[in-house]
Amino acid sequence: MSDMPTPDELFARPFFFCGIGGSGMLPLAQILKGRGCTIEGSDRSRDQGRTPEKFGALERQGFALHPQDGSGMVSKEQILVASAAVEDSVPEVQRAKELGCLRLSRAELNSILFNTSGAGIAVAGTSGKSTVTGMLGWILHACGREPTIMNGAVMKNFVAPERPYASAVVGGQSLYVSEVDESDGSIALYRPAVGVLLNVSLDHKSMEELRQLFGEYLARSRISVINADDAEALALLPHAKETITFGIEREKAQIGIVPGSIAEGPMRQAAMVIDRHDGSEHALMLNLPGRHNLSNALAAITGAAAAGIPVAKAVEALAAFEGLARRFDVVGTSTSAITVIDDFGHNPEKCAATLRTLKAHPGRVLAFFQPHGYGPLVQMGEELAETFAQELDEDDRVILCDPVYFGGTVDRSQGSERIVRLIEDAGGHAEYVPSREEVGERLASIARPGDRIVIMGARDDTLSTFARDLFGRLN
């Protein structure tokens, strides 16, 4: 990247997104297009006929889409945006090399947009990033600050008929709100005005690596917003310059919850938020269930406070926050009282949060988990199995199908059967059903009134279609 053009020169050139439909790529393509850049792209999913409605929507918005055969790369001027994980054998990558095109990873491009804005607000942590980014973006938007928002998930508040996949909002250039990722180490590229840290737990890297990455992230942030309830996050506080803490449990947190004020329902909750800077209390209504979402709301309120939004205004704005697609997203409740929920849970912490939210209320849980790859299953399989065994009861059931595999050279010797064995060994009840079609039949055959069926997994948009089809079958 030594020959990197200036940001002005960079954004004057045409961009080509390899994997434009991906959750990290699509919002960046939307932001650049909204700022007047020429955007083209390709996607293996489009070529394979998956989620045609998504690619149809992109074409209606004016994105030029090509087959993933290299035919879209025609000029040295084009900038190829491709995930760092994209293999050199992909035709666009080969063609870009032949033409001498500049190649940027998703994170490199996002960090340039972030660092060249008036103020970048970053949301980091192992779990909850997308939800907090959506909440924080919504607060700033509702308070008239016109933020640009880069999210990895569709934000329901910003969905419109002409923009059904609203994982980005194109606002002004003075505020840029983005989740930042530790899993590939790219968090190191960002220089935040406000750096939010939600939690630190095992996911893609060792704890030692995570502590270093998150510690350096806080050191680069002008103001750090830290979750005082998370021991690992709180332990990194000495790295930060100026800090504001939040927490449900910890009474010394600067923004917290009045003890005894939480009222929880199966689909929403309420609590009194206390700003310990001045002792003021504010009634929060939240259209999302679960203690983890209450913590997410406090993170967003505190992040907004660091950006100059009064706590009262932030709390008021969150009453209208509708949530994100695939984050405890209730597809519906059938005529026979079976509820289907579409959820992004894919690592131990995210799965545990979703399962705890479900188990806080009566009814059996049928959890279908589609692993998001063979590699992650090896990395976190044991913790994942422990989570399912610990969080679910005797009557509950877990079904796993084969991991997501869209091609490539990954080692596929260890699959879902191993996790099923581990869950059973830990005292849980799990089944291995290889194909998703068979999973749908199995779930429909064992579901009974009062059950909650949760569809869990990442990196595969067709899970939402599966959840909707299952709901249709139950109805």
Side-chain angles (χ1 to χ4, degrees), residues 107 110-111 114-115 117 119-141 143 145 147-153 155 175-183 186-201 203 210-211 213-248 250 253-256 273 275 277 292-309 311 314-315 317-318 321 324 327 349-350 353:
N110 190 43
S111 67
F114 183 97
N115 293 334
S117 66
I121 303 179
V123 180
T126 317
S127 295
K129 293 188 287 289
S130 298
T131 299
V132 174
T133 300
M135 287 176 166
L136 186 47
W138 172 248
I139 291 168
L140 293 167
H141 173 84
C143 292
R145 297 285 293 273
T148 290
I149 310 167
M150 152 61 212
N151 204 336
M155 298 171 281
L175 272 182
Y176 193 95
V177 183
S178 179
E179 55 176 305
V180 297
D181 194 6
E182 80 292 342
S183 68
S186 64
I187 189 173
L189 299 171
Y190 298 86
R191 299 191 300 276
V194 177
V196 180
L197 180 57
L198 304 173
N199 40 56
V200 182
S201 68
D203 191 345
L210 290 173
R211 289 178 192 121
L213 281 170
F214 286 129
E216 290 168 354
Y217 161 76
L218 293 179
R220 284 192 309 278
S221 300
R222 218 178 309 155
I223 303 174
S224 296
V225 172
I226 298 175
N227 182 0
D229 290 337
D230 187 89
E232 285 283 353
L234 193 59
L236 296 174
L237 192 138
H239 293 271
K241 299 185 181 93
E242 186 183 333
T243 61
I244 311 180
T245 55
F246 67 91
I248 299 171
R250 190 171 280 259
Q254 287 152 298
I255 293 179
V273 173
D275 181 354
H277 294 105
H292 63 295
N293 278 320
L294 187 56
S295 179
N296 288 338
L298 281 182
I301 291 162
T302 311
I309 301 290
V311 171
V315 168
L318 277 182
F321 180 69
L324 306 182
R327 303 308 192 273
E349 191 169 347
K350 285 185 172 75

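Being a predicted model, the structure only gives us computed values, none of them experimental.
Counting only N and O atoms by type, the side chains of Ser183 and Asp181 include a donor and acceptor under 3.5 Å apart. Counted by atom type alone, Glu179 and Thr133 present zero donor-acceptor pairs between their side chains at under 3.5 Å.
With rounding to the nearest 0.5 angstrom, the CH2 atom of Trp138 is 13.0 Å from the CG atom of Leu324. Atoms CD1 and CG, from Ile187 and Leu197 in turn, are 7.5 Å apart once rounded to the nearest 0.5 Å. To the nearest 0.5 Å, atom CD1 of residue Ile139 and atom CD1 of residue Ile309 are 8.5 Å apart. Atom CG of Leu298 is separated from atom OG1 of Thr245 by 10.5 Å, given to the nearest 0.5 angstrom. Rounding to the nearest 0.5 Å places CG of Asn199 at 5.0 Å from OG1 of Thr126. Ile121 contributes atom CD1, which lies 5.0 Å from atom CG of Leu140 (distance to the nearest 0.5 angstrom).
Under the 4.5 Å side-chain criterion, counting only non-hydrogen atoms from C-beta, Asp230 is not in contact with Leu198. Between Asn227 and Phe246, the closest side-chain pair of non-hydrogen atoms falls below 4.5 Å. Using a 4.5 Å heavy-atom threshold, the side chains of Val123 and Leu136 count as touching. No side-chain heavy atom of Val200 sits less than 4.5 Å from a side-chain heavy atom of Glu182.
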Q: Decide side-chain contact (heavy atoms from CB on, under 4.5 Å) for Leu318 and Val315; before the verdict, give the C-alpha distance in whole Å, the side-chain angles of both, and the deciding distance to 0.1 Å.
A: CA-CA 5 Å; Leu318 277 182; Val315 168; over 6 Å; no
Q: Would you please test Val311 and Ile255 for side-chain contact (heavy atoms from CB on, under 4.5 Å) and show each step?
A: CA-CA 9 Å; Val311 171; Ile255 293 179; 3.8 Å; yes
Q: Test Ser186 against Val180 for side-chain contact (heavy atoms from CB on, under 4.5 Å), laying out the working first.
A: CA-CA 8 Å; Ser186 64; Val180 297; over 6 Å; no
Q.
Using the rule given for side-chain contact (heavy atoms from CB on, under 4.5 Å), can you reason through Ile226 versus Leu236, listing the C-alpha separation, both sets of side-chain angles and the distance that settles it, and then say yes or no?
A. CA-CA 9 Å; Ile226 298 175; Leu236 296 174; 5.9 Å; no
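Under the 3.5 Å distance criterion, the side-chain polar atoms of Tyr217 are matched with a main-chain donor or acceptor of Val196. Although no hydrogens or angles enter the test, the distance criterion places a donor-acceptor pair under 3.5 Å between the side chain of Arg220 and the main chain of Tyr190. For the pair Asp229 (side chain) and Ile248 (backbone), a donor-acceptor distance under 3.5 Å is present. Side-chain atoms of Thr131 never come within 3.5 Å of backbone atoms of Gly128 as a donor-acceptor pair (strictly under, hydrogens ignored). Between the side chain of Lys241 and the backbone N or O of Ser224, no donor-acceptor pair lies under 3.5 Å. Under a 3.5 Å cut-off, the side chain of Arg250 and the backbone N or O of Ala228 do form a donor-acceptor pair.
Across all their heavy atoms, Gly137 and Pro147 have their closest contact at O-CG, 3.7 Å. For the residue pair Ala300 and Met135, the shortest heavy atom distance occurs at CB-CB, 3.5 Å. In plain terms, the two heavy atoms of Ala306 and Ile223 that are nearest each other are O-CD1, 3.7 Å. Closest heavy-atom contact between Ala124 and Phe214: CB-CE2, 4.0 Å. Smallest separation of non-hydrogen atoms from Ser127 and Lys350: OG-CG, 3.5 Å. Summarising the geometry of Arg327 relative to Ser130, their closest heavy-atom pair is NH2-OG, 3.2 Å, with the distance given to 0.1 Å.
The pair Arg211-Glu216 does not count as a salt bridge, with every side-chain nitrogen at least 4.0 angstrom from each carboxylate oxygen.
For Tyr176, the side-chain hydrogen bond (donor to acceptor under 3.5 Å, both in side chains) partners two or more places apart in sequence, or in a different chain, are Asn110. With sequence neighbours left out, the side-chain hydrogen bond (donor to acceptor under 3.5 Å, both in side chains) criterion links Thr148 to Arg35.
Applying the 6.0 Å contact sphere to NE2 of His141 captures no more than 12 heavy atoms from other residues, nucleotides or ligands.
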